[in-house]
Engineer: 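Here it is, the structure, as structure tokens.
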Amino acid sequence: MQVIYENQLPPLKELNLIPNKIISSHAERAYTTAIIFADIFGIHASEIETFVRIYSGDESDIFGILEDTDDSIQSLMLVGHNPVLTYFAN
């Protein structure tokens with residue numbers, strides 16, 4: 001699968017925008033997407049942290065998850081769903 005998706009990521013790699021951590025919804029489609037990105041970024045799938053709150057919560061749940069993330073994480077990829085992520089972004 002990496003060959004299919006890797007050509008979509010050069011700007012991220014060129015800008016050194018590789019996450020230190022990936023956090024995902026537990027839902028199958030989101031988690032599968034997180035695994036694809038993890039593989040491309042060289043992150044083991046077992047390092048992906050999943051949360052039910054990303055699927056069934058609201059923007060305050062996303063804030064809570066991020067606030068609980070260790071301060072040593074410099075960049076993070078969040079894989080989830082709309083409308084929760086749109087509400088969070090706004």
Side-chain angles (χ1 to χ4, degrees):
M1 281 213 244
Q2 183 171 348
V3 174
I4 296 169
Y5 299 100
E6 190 163 344
N7 65 343
Q8 299 173 12
L9 295 176
L12 294 176
K13 288 183 175 182
E14 289 170 12
L15 295 171
N16 199 30
L17 295 176
I18 311 253
N20 300 116
K21 182 174 190 72
I22 299 176
I23 293 177
S24 175
S25 163
H26 75 296
E28 184 176 349
R29 188 167 52 170
Y31 185 66
T32 299
T33 300
I35 290 172
I36 290 167
F37 277 98
D39 183 52
I40 292 167
F41 291 133
I43 298 170
H44 195 274
S46 65
E47 296 179 54
I48 299 169
E49 195 168 353
T50 60
F51 290 91
V52 173
R53 295 181 291 166
I54 296 173
Y55 182 79
S56 60
D58 58 25
E59 61 271 22
S60 66
D61 290 304
I62 303 297
F63 277 111
I65 290 167
L66 296 179
E67 287 174 349
D68 292 342
T69 300
D70 190 282
D71 289 339
S72 67
I73 301 300
Q74 297 294 310
S75 62
L76 180 135
M77 176 178 274
L78 180 63
V79 183
H81 314 273
N82 275 325
V84 175
L85 291 183
T86 297
Y87 295 151
F88 169 73
N90 290 329

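Just so you know, these numbers use all the heavy atoms, side chains as well, and skip hydrogens, waters and symmetry mates.
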Engineer: Return all side-chain donor-acceptor pairs below 3.5 angstrom for residues 83-90, not counting sequence neighbours, or 'none' if the list is empty.
Structural biologist:
residue: T86; atom: OG1; partner: N82; partner atom: OD1; Å: 2.4
residue: N90; atom: ND2; partner: T86; partner atom: O; Å: 3.2

Engineer: Could you list the residues that satisfy salt bridge (charged side-chain N to carboxylate O under 4.0 Å, His left out) with E59, not counting sequence neighbours?
Structural biologist: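 If we apply the salt bridge (charged side-chain N to carboxylate O under 4.0 Å, His left out) test to E59, skipping adjacent residues, there are no hits.
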Engineer: Would you say that N20 contacts S75 through its side chain, given a criterion of any heavy-atom pair below 4.5 Å between the two side chains?
Structural biologist: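 Yes - at least one pair of side-chain heavy atoms lies under 4.5 Å apart.
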Engineer: Could you list the cluster mates of V52? Members are the ILVMFWY residues connected by side-chain heavy atoms closer than 4.5 Å, either directly or through other members.
Structural biologist: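 Its cluster mates, by chain and number: none.
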Engineer: Could you check whether any side-chain heavy atom of T50 comes within less than 4.5 Å of a side-chain heavy atom of Y31, counting everything from C-beta outward?
Structural biologist: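 A side-chain contact exists here, since the closest heavy-atom pair is under 4.5 Å.
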Engineer: List for me each residue that meets side chain to side chain donor-acceptor pair (under 3.5 Å) alongside S25, sequence neighbours excluded, and say none if there are none.
Structural biologist: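 Only H81 meet the side chain to side chain donor-acceptor pair (under 3.5 Å) criterion with S25.
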Engineer: Looking only at non-hydrogen atoms, find the nearest pair between E47 and K21 and report the distance.
Structural biologist: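 That would be O-NZ, 4.4 Å.
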Engineer: Given the rule that I, L, V, M, F, W and Y join up when any side-chain heavy atoms are under 4.5 Å apart, are I62 and Y55 in one cluster?
Structural biologist: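 No, it is not one cluster - the side chains of I62 and Y55 are not joined through contacts under 4.5 Å.
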Engineer: Answer with yes or no whether the hydrophobic clustering places I18 together with L76; edges join I, L, V, M, F, W, Y residues whose side-chain heavy atoms lie under 4.5 Å apart.
Structural biologist: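 No: no chain of side-chain contacts under 4.5 Å links I18 to L76.
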Engineer: So, for I43 and P19, which heavy atoms are closest and what is the spacing to 0.1 Å?
Structural biologist: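 Scanning both residues, the minimum pair turns out to be CD1-O, 3.4 Å.
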Engineer: List in chain and number order the residues that pass side-chain contact (heavy atoms from CB on, under 4.5 Å) with I65, two or more places apart in sequence or in another chain; answer none if no residue qualifies.
Structural biologist: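 Scan of I65 (side-chain contact (heavy atoms from CB on, under 4.5 Å), adjacent residues dropped) gives I23, F51, R53, I54.
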Engineer: Taking atom CG of D61 and atom OG of S56, what is their separation to the nearest 0.5 Å?
Structural biologist: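 Answer for the CG-OG pair, D61 versus S56, is 7.0 Å.
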Engineer: D71 and Q74: which non-hydrogen atoms are nearest, and at how many Å?
Structural biologist: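 Taking every non-hydrogen atom into account, O-NE2, 3.9 Å.
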Engineer: In terms of hydrophobic clusters joined by side-chain contacts under 4.5 Å, are I22 and I73 together?
Structural biologist: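 They do not share one cluster, since no chain of ILVMFWY contacts under 4.5 Å joins I22 to I73.
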Engineer: Kindly write out the residues that satisfy side chain to side chain donor-acceptor pair (under 3.5 Å) with S60, not counting sequence neighbours, or none if the list is empty.
Structural biologist: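 Only D58 meet the side chain to side chain donor-acceptor pair (under 3.5 Å) criterion with S60.
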